[in-house]
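Take a look at the following structure, please.
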Amino acid sequence: PLLVLLMATTTGLVVASNYYAQPLLHTIADQLSLSYAKAGIIVTTAQASYAVGLILLVPLGDLVERRRLIVIMMLLAMVGLLVSASARSLPMLLAGTAMTGAFSVVAQVLVPFAATLAPLETRGKVVGTVMSGLLLGILLARTVAGALSTLGDWHTVYWVAAALMLLNTLALWRLLPRYHQPASLHYGQLITSIIGLFARHKVYRQRSVLGFLGFAMFSVLWTSLAFLLSAEPWSFNDATIGLFGLAGAAGALSARHAGVLADRGHGHRLTIAGIVILLLSWGLLGLGGTSLIALLAGIVLLDLALQAVHITNMNMVFSLDESARNRLNSGYMFLYFLGGAFGSLASAAAYDEHGWSGVVMLGAGLAVVALLYSGLMLAEARRQHSRHPES
């Protein structure tokens, strides 16, 4: 339990480093004289560099000793935070953001590591617990960033984050077990083998597409939420905007329960239910320009549903090939965070052009696509089961 807690805390802390900027985008835009669309590039850079790290760095977990890899990546992510903390221009902030984003994929080395260490009968529960830490980190990053920015300025957030990263790295070095299960491939073959995994496993392709659409919706909401809340009629400051992350955190707590349901074989039902709730959440979020209650309810539902779909996706993906979990995770999360980068960029542009209503239409459209796609997946799964009931 202590090791699972440490892993969950670490995933939350490192992934949070990519999201501190979101509730501060309007403040950073004002200080650096940027448009909202240009300020959105900060979040897009974080998610795009994370996606690159997923492809180039996470597969190393199948090649080298994992504790050493994790510690080195944590230290390099910390250096990126220090660059951001010192930034006085957009290019320097983007450089620090890109470095932190690329090496914070250490979280995606820890998740399959946790799945490897866990007994088969509790794997979904353990993965769900670690993923709860990851999503809580994404969401609470906004609350912490808003509070620290109000106490100091937006640079303060990155100084504090770098110090916490160092302390967490020391704990990992002391408590993580050594683990080395080398693949019979060199690095280049490891990277290209991810394409082979996509070609071999239809479930892998399907779940990765759902991951792309789900995290795109998540980013569509959270990238533009600060713009909505800092404008009339709300006119909230950074600290108040950051508190909205607490509403999303309620949904993150469902991850462990979603993992248990996935362990019991309810993955398809959980997926459909989650996507239906995602669509409903956009109806409530559409009222966010005039009703805080509807906005908060929409945030809770969206994050709860996304977590349910995501944990189900990961449980199914990890069951495909035990010897290639890091590569399976790498490919899945690559598309997942590409979805996030797309959502961030599209959301900022939609807000610039059409305001909050444009953001809501974008998110609802993605939810409709996800619902249609998951319906086709379920119909195909039922046809296959009727032909091969023994499987």
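The basis for the numbers below is simple: all heavy atoms, side chains too, and nothing from hydrogens, waters or symmetry mates.
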Minimum heavy-atom distance Ala37-Asp352, with the two atoms named: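 Of all heavy-atom pairs spanning Ala37 and Asp352, the closest is CB-OD2, 3.1 Å.
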
Leu90 vs Ile42, side chain to side chain contact (heavy atoms under 4.5 Å, CB included): CA-CA, chis, key distance, verdict: CA-CA 8 Å; Leu90 181 61; Ile42 299 167; 4.0 Å; yes

Result of checking Phe342, Tyr336, Phe334 against Leu338 for side-chain contact (heavy atoms from CB on, under 4.5 Å): Phe334

Residue pairs involving residues 101-140 (criterion ring pair (Phe, Tyr, Trp, His ring centres under 6.0 Å); sequence neighbours excluded): Phe113-Tyr179

Asp238 and Thr27: side chain donor to acceptor below 3.5 Å: yes

Leu345 versus Thr44, closest heavy-atom pair with distance: N-OG1, 3.5 Å

Atom CG of Leu167 with >12 non-hydrogen neighbours under 6.0 angstrom: yes

Leu285: which of Leu301, Leu225, Leu295 passes side-chain contact (heavy atoms from CB on, under 4.5 Å):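 Single pass found, and it is Leu295.
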
Whether Tyr20 and Tyr158 hold their rings parallel, tilted or perpendicular, with breakpoints at 30° and 60°: perpendicular

Nearest heavy-atom neighbours spanning His26 and Ala226: ND1-CB, 4.1 Å

Derivation of the side chain to side chain contact (heavy atoms under 4.5 Å, CB included) call for Val317 and Met314: CA-CA 5 Å; Val317 165; Met314 296 199 76; 5.5 Å; no

Polar side-chain atom of Arg142 near backbone of Leu243 as donor-acceptor pair, under 3.5 Å: no

Any donor-acceptor N/O pair, Thr10 side chain to Leu6 backbone, under 3.5 Å: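 Answer holds: yes.
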
Parallel, tilted or perpendicular: ring planes of Phe198 versus Tyr204, cut at 30 and 60 degrees: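 If you compare the ring of Phe198 with that of Tyr204, the planes turn out parallel.
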
Qualifying residues under salt bridge (charged side-chain N to carboxylate O under 4.0 Å, His left out), relative to Arg88, sequence neighbours excluded: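 For Arg88 there are no salt bridge (charged side-chain N to carboxylate O under 4.0 Å, His left out) partners, ignoring immediate neighbours.
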
Thr223 and Ser344: side chain donor to acceptor below 3.5 Å: yes

Ser319 side chain to Met316 backbone, donor-acceptor under 3.5 Å: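 Yes: the side chain of Ser319 pairs with the backbone of Met316.
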
Validation row, ring centre His310 to ring centre Tyr332 under 6.0 Å: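 Under 6.0 Å, so yes.
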
Side-chain touch Val220/Val360, heavy atoms, less than 4.5 angstrom: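 Side-chain contact under 4.5 Å: no.
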
Any Pro177 side-chain heavy atom under 4.5 Å of Arg67 side chain: no

Thr312 versus Asn315, side-chain donor and acceptor atoms under 3.5 Å: no

Non-neighbouring partners of Lys38 that pass salt bridge (charged side-chain N to carboxylate O under 4.0 Å, His left out), sequence neighbours left out: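 Counting only residues at least two positions away or on another chain, Lys38 forms no salt bridge (charged side-chain N to carboxylate O under 4.0 Å, His left out).
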
Gln108 versus Tyr50, side-chain donor and acceptor atoms under 3.5 Å: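 Yes, Gln108 and Tyr50 have a side-chain donor paired with an acceptor closer than 3.5 Å.
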
His201 side chain to Leu320 backbone, donor-acceptor under 3.5 Å: no

